[in-house]
Number of protein chains: 2
Amino acid sequence: MAYIQQLLKGLIDPIILSLINQLPMYGYQIKKESEQRTAGYLKMKGGTIYPSLTRLERNGLVASRWKRTGKRRGRRYYQITEKGRQALSSSLAEWHDLCTAINKLTGEAGSCADTSQ
Amino acid sequence: MAYIQQLLKGLIDPIILSLINQLPMYGYQIKKESEQRTAGYLKMKGGTIYPSLTRLERNGLVASRWKRTGKRRGRRYYQITEKGRQALSSSLAEWHDLCTAINKLTGEAGSCADTSQ
DNA sequence: TACAATGCCTTGCATTGCAATATATTATAG
DNA sequence: CTATAATATATTGCAATGCAAGGCATTGTA
């Protein structure tokens, strides 16, 4: 198992939540967006994204609906809920705290992400 | 399971490696040091630290030796190896890359940790 | 004499990213 | 027209690891 996959544990849900928060998206779009925005660094697989979306919806953090554009195959669009926004905010706060702790332990560098989300 | 535990996946080994790199330590000392340096934020349990140390030693990233001070019970001290230093360096680089990616995806903030280790 | 703190260690659970795979549709190249 | 790639969703089961829970032994202290 690649090391990056371990580091990503617990981060996929907030990442997806954050993307959806900026704009409602469907699964494949999330995959492409995250790849582009990180210059190919983050390549999430279908076996990662869809279970995550299912999880988020089961917990009430996102809501989905089918949408057909012309004769195209339907896509399932996901949008964040109010509960999701709160969860995202607290997730990012936790992430920030963790970064602070890591910096303290490994030798100080700079802050990581702000909590003003 | 607490959320922080998910975020820590893959980070415990580098954290411990980093602490040992600064100063050879024994398990319980690692626990106390990490608690103090993060003002009580990071409380690693024995069930986390000892398996990690075993793992690190099995992979040749640390080496251990018993030491008795006076009539005190023996302590197992761990010190980093050359291989361990390289692994630490690459782990921190990965961590830095990840932080950069997260920042890009969640809305930009600042860098996380530098790689000059 | 208790009790807390120190110090090491093991077992098994909970969680989750993803490889592998399946299915269906659409666009494009040969 | 046909084959291939890209798009799009979804499931199954594996691999990895933090830690809760517990056990054990020693030392300091109230």
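Quick note on labels: first sequence line is chain A, next is B, and so on, each numbered from 1.
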Short side-chain N/O contact to [N] OP1/OP2 from [X], under 4.0 Å:
{"X": "A:Tyr26", "N": "D:dT9", "result": "no"}
{"X": "A:Gln5", "N": "C:dA19", "result": "yes"}
{"X": "B:Arg76", "N": "C:dC9", "result": "yes"}

Look at the side chain of [X] and the backbone N and O of [Y], then say whether any donor-acceptor pair between them is shorter than 3.5 Å.
{"X": "A:Lys31", "Y": "A:Met44", "answer": "yes"}
{"X": "B:Thr38", "Y": "B:Ser34", "answer": "yes"}
{"X": "A:Thr106", "Y": "A:Ile102", "answer": "yes"}

Between [N] ([atom2]) and [X] ([atom1]): distance, integer Å:
{"X": "B:Tyr28", "N": "D:dT26", "atom1": "OH", "atom2": "P", "result": "17 Å"}
{"X": "A:Ile30", "N": "C:dG17", "atom1": "CD1", "atom2": "P", "result": "13 Å"}
{"X": "A:Leu7", "N": "C:dG17", "atom1": "CG", "atom2": "P", "result": "12 Å"}
{"X": "B:Leu8", "N": "D:dA20", "atom1": "CG", "atom2": "P", "result": "11 Å"}
{"X": "A:Met25", "N": "D:dT9", "atom1": "CE", "atom2": "P", "result": "13 Å"}
{"X": "A:Asp13", "N": "C:dT16", "atom1": "CG", "atom2": "C1'", "result": "9 Å"}
{"X": "B:Leu11", "N": "C:dG17", "atom1": "CG", "atom2": "P", "result": "14 Å"}

Original post:
Where each residue is assigned the nucleotide of DNA chain D containing its nearest heavy atom, which of A:Met1 and A:Tyr77 is assigned the position nearer the 5′ end?
Top reply: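 Its nucleotide being nearer the 5' end, the pick is A:Tyr77.
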Original post:
With a 3.5 Å cut-off and no angle check, do the side chains of B:Glu94 and B:Ser90 form a donor-acceptor pair?
Top reply: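 Per modelled atom types, B:Glu94 and B:Ser90 side chains form no pair under 3.5 Å.
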**OP:** With rounding to the nearest 0.5 Å, note down the distance linking CD1 in A:Ile12 to CZ in A:Arg55.
**Re:**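 The CZ atom of A:Arg55 is 8.5 Å from CD1 of A:Ile12, to the nearest 0.5 Å.
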**OP:** Look at the aromatic rings of A:Tyr77 and A:Tyr26 and report parallel, tilted or perpendicular, splitting at 30° and 60°.
**Re:**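 Rings of A:Tyr77 and A:Tyr26: perpendicular, as their planes differ by over 60°.
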**OP:** Indicate the atoms forming the closest heavy-atom contact of A:Ser52 with A:Ile16, along with that distance.
**Re:**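 The pair with the smallest heavy-atom distance is OG-CD1, 3.4 Å.
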**OP:** Identify which nucleotide among D:dA8, C:dT6, C:dT16 has an atom closest to any side-chain atom of A:Arg75, counting heavy atoms from C-beta outward.
**Re:**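 Of the options given, the side chain of A:Arg75 lies nearest D:dA8.
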Subject >> Nucleic acid contacts - residues 31-47 of chain A versus DNA chain C, non-hydrogen atoms under 4.0 Å >> reply: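 Listed by number, they are A:Lys45, A:Gly47.
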**OP:** Please work out which residues in residues 48-61 of chain A have a non-hydrogen atom less than 4.0 Å from an atom of DNA chain C and list them by number.
**Re:**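 Going residue by residue through residues 48-61 of chain A, the ones with a heavy atom under 4.0 Å of DNA chain C turn out to be A:Thr48, A:Arg55.
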